[in-house]
Amino acid sequence: MVAFSMRKVPNRETTEISHVLLCNVTQRVSFWFVVTDPSRNHTLPAVEVQSAIRMNRNRINNAFFLNDQTLEFLRIPSTLAPPTDPSVPIWIIIFGVIFCIVLVATMLLILSGIQQHRRKHKGPSEMEDTEDKCENVITIENGIPCDPLDMKGGHINDAFVTEDERLTPL
Amino acid sequence: MEKTRPLWATPLQFVFACISYAVGLGNVWRFPYLCQMYGGGSFLVPYIIMLVVEGMPLLYLELAVGQRMRQGSIGAWRTVSPYLSGVGVASVVVSFFLCTYYNVINAWAFWYLFHSFQDPLPWSVCPLNGNRTGYVEECEKASSTQYFWYRKTLNISPSIQESGAVQWEPALCLVLAWLVVYLCILRGTESTGKMEQLANPKAWINAATQIFFSLGLGFGSLIAFASYNEPSNNCQKHAIIVSIINSSTSIFASIVTFSIYGFKATFNYESCLNKVILLLTNSFDLEDGFLTANNLEQVKDYLASAYPSKYSEVFPQIKNCSLESELETAVQGTGLAFIVYTEAIKNMKVSQLWSVLYFFMLLLLGIGSMLGNTAAILTPLTDSKVISSYLPKEAISGLVCLANCAIGMLFTMKAGSYWFDIFNDYAATLSLLLIVLVETVAVCYLYGLSRFESDLKAMTGHALNWYWKAMWGGVSPLLIISLFIFYLSDYIITGTLQYQAWDAAQGQLVTKDYPPHALAVIGLLVASSIMCIPLVALGTLITRRLRRGDPDPAPVA
């Protein structure tokens with residue numbers, strides 16, 4: 001795998017498996033390795049090897065069915081996958097929906113309130129006209145003047161005392 | 001004949017409105033914190049005693065005053081005595097402050113709610129840094145939930161002096177929150193009820209304070225709600241019901257909160273252990289699966305003795321994981337609601353569902369309380385003939401919402417969270433104690449306890465129990481006076497006031513002193529509401545003297 005990675009690097013296409021040397025192999029499947037350059041007989045600088053491995057990390061992981069957490073290359077930081085960023089943030093969409101619903105409901109309530117106001121203003125003036133007519137009719141029809149009981153004030157019956165004296169004292 | 005006052009459709013609607021107002025965010029985030037700080041279950045003892053001795057009597061008093069006077073707070077107190085309408089004005093001022101900052105919490109809840117519809121939840125992962133090799137540094141040092149709260153939601157500045165600009169995202173959410181509140185209060189009382197139908201000595205003092213603020217005494221909202229009652233309504237029964245439900249909700253919420261704490265503590269403890277195991281396995285090339293939570297201690301001792309030099313190298317990085325220290329972390333206020341709970345939620349299965357449900361609950365609690373707060377402001381305004389003759393109800397509500405929204409933009413700036421804490425801690429605490437004290441003394445000694453008693457008897461038909469009389473006359477005022485003295489002495493002894501600022505470089509909160517202009521604002525907040533009482537009394541006295549010899553009008557029977 002390491003040799004394969006090195007072959008992807010320009011000027012290093014001729015790297016063979018035999019050029020990768022292992023050492024310090026432990027029971028826990030960890031080891032050190034170096035890549036040698038056959039023509040000049042020295043080991044390649046770490047930086048080059050690291051960048052090569054980084055580019056092919058995914059393929060190495062998949063070959064062993066491992067991932068970045070279970071297969072670690074010391075001193076090679078893994079490139080993390082960025083979270084998917086939709087073009088329009090989701091929260092604005094939901095905000096827009098709820099905002100429109102609330103706005104529409106508010107408008108409806110305000111409009112129905114205005115309509116009720118208009119109806120109320122027409123209503124009492126009509127009622128007053130009819131009551132006046134009633135009084136006029138009564139006074140005209142009866143030659144005798146009406147009983148002073150006020151038609152409009154008929155809701156309060158002054159005959160009954162206030163609540164305080166509901167219970168008569170003994 | 002007076003214009004018929006709108007009434008609640010049923011007494012149940014009134015009870016629901018009161019419950020919705022009283023049960024608020026304080027039940028969720030303040031009561032469990034106090035329980036944890038002051039001994040867990042034993043905190044219930046001072047809490048219940050204070051509920052019975054202070055909470056219920058004062059709640060009953062406010063409801064009875066509202067129902068008897070049938071006006072909002074300003075009119076009600078003017079009826080008790082013309083010199084006392086300052087109390088009503090002070091209530092309205094405090095309610096105004098409360099409205100301004102409280103709806104910001106609803107804005108934050110909306111923000112989190114809208115962000116809950118993503119997979120993965122945005123506060124469960126840290127964003128990546130520039131070259132994509134690791135996470136953003138601030139997020140590494142703190143945690144992803146703290147980063148999301150302090151950076152993405154608040155975009156907080158390092159101190160209160162650096163205000164920064166208004167952040168458009170929380171500003172939009174604030175506008176939406178005010179729109180929702182306006183929608184609910186648009187039609188006045190009738191719509192409010194229907195919406196509800198679709199919460200040592202320090203332990204005692206904190207119990208008293210918690211009861212006091214949890215029930216929402218002194219804001220004028222309860223008077224406003226009760227003023228829409230039929231005079232014959234049995235408000236004594238309702239006072240007891242509302243206070244019991246409020247306290248049961250607090251206790252229930254603390255059960256839930258403690259189980260959330262336990263879940264979060266266990267989860268963090270286990271991840272801490274796993275990190276230590278991984279670190280030791282890597283450093284000493286141990287076999288995978290050799291180290292477990294059970295044999296961790298023995299293996300650590302063995303490694304310390306077998307490879308002392310290597311062990312001492314690794315030792316600084318090994319954290320001492322302890323379940324107790326995880327459980328000790330107690331947080332209250334916005335920290336609990338938006339950091340601890342979200343951290344627990346992100347680790348649950350189907351976290352989107354829990355997140356949506358949780359923030360929806362927060363919103364319901366918050367908006368329910370907001371309706372009570374706005375009622376406290378609107379009822380005196382709509383009662384006053386001067387204003388209501390010019391503008392219809394809808395316009396008054398709209399203007400109030402607009403004014404509060406504009407001022408609330410202050411809290412969406414970068415330093416907004418610090419100003420929020422100022423308002424939260426000082427706008428309503430001291431002033432309310434004084435307001436409720438004056439209310440109690442006024443009803444008992446100025447209006448006359450026996451006169452009030454006969455009024456209530458005529459109104460509801462029930463005689464007043466000796467217990468309420470004893471509480472109103474003696475015990476509750478004394479309690480409030482001692483609470484007041486305690487708070488004053490606490491402020492004086494502590495010296496300079498301090499606050500917690502978020503340090504982005506370290507990824508944690510640091511304590512800083514308030515600058516002079518913030519201290520001035522604090523003083524203004526407290527003074528502006530308290531000063532209303534003597535100022536209005538003085539004003540009434542002066543106008544009386546100027547008229548020369550106008551007899552005191554007798555209060556309406």
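Residue numbers begin at 1 in each chain, while the letters A, B, ... track the order of the sequences.
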Quiz item: When the aromatic ring centroids of B:Phe148 and B:Tyr112 are compared, is their separation below 6.0 Å?
Solution: yes
Practice problem: Examine A:Trp91 together with B:Trp111 and report whether their ring centres are nearer than 6.0 Å. | Solution: yes
Practice problem: Please confirm whether the backbone N or O of B:Trp123 pairs with a side-chain atom of B:Ser144, one donor and one acceptor, at under 3.5 Å? | Solution: yes
Quiz item: For B:Thr382, does its backbone N or O pair with a side-chain atom of B:Lys393 as donor and acceptor, under 3.5 Å?
Solution: no
Practice problem: Counting only heavy atoms closer than 4.5 Å, note whether B:Leu172 contacts chain A via side chain, backbone, both or neither. | Solution: both
Practice problem: Counting only heavy atoms closer than 4.5 Å, note whether A:Ile92 contacts chain B via side chain, backbone, both or neither. | Solution: side chain
Exercise. Heavy-atom distances under 4.5 Å only: say whether B:Pro392 touches chain A with side chain, backbone, both or neither.
Key: side chain
Self-check item: Heavy-atom proximity to chain A below 4.5 Å, by part of B:Phe117
Solution: both
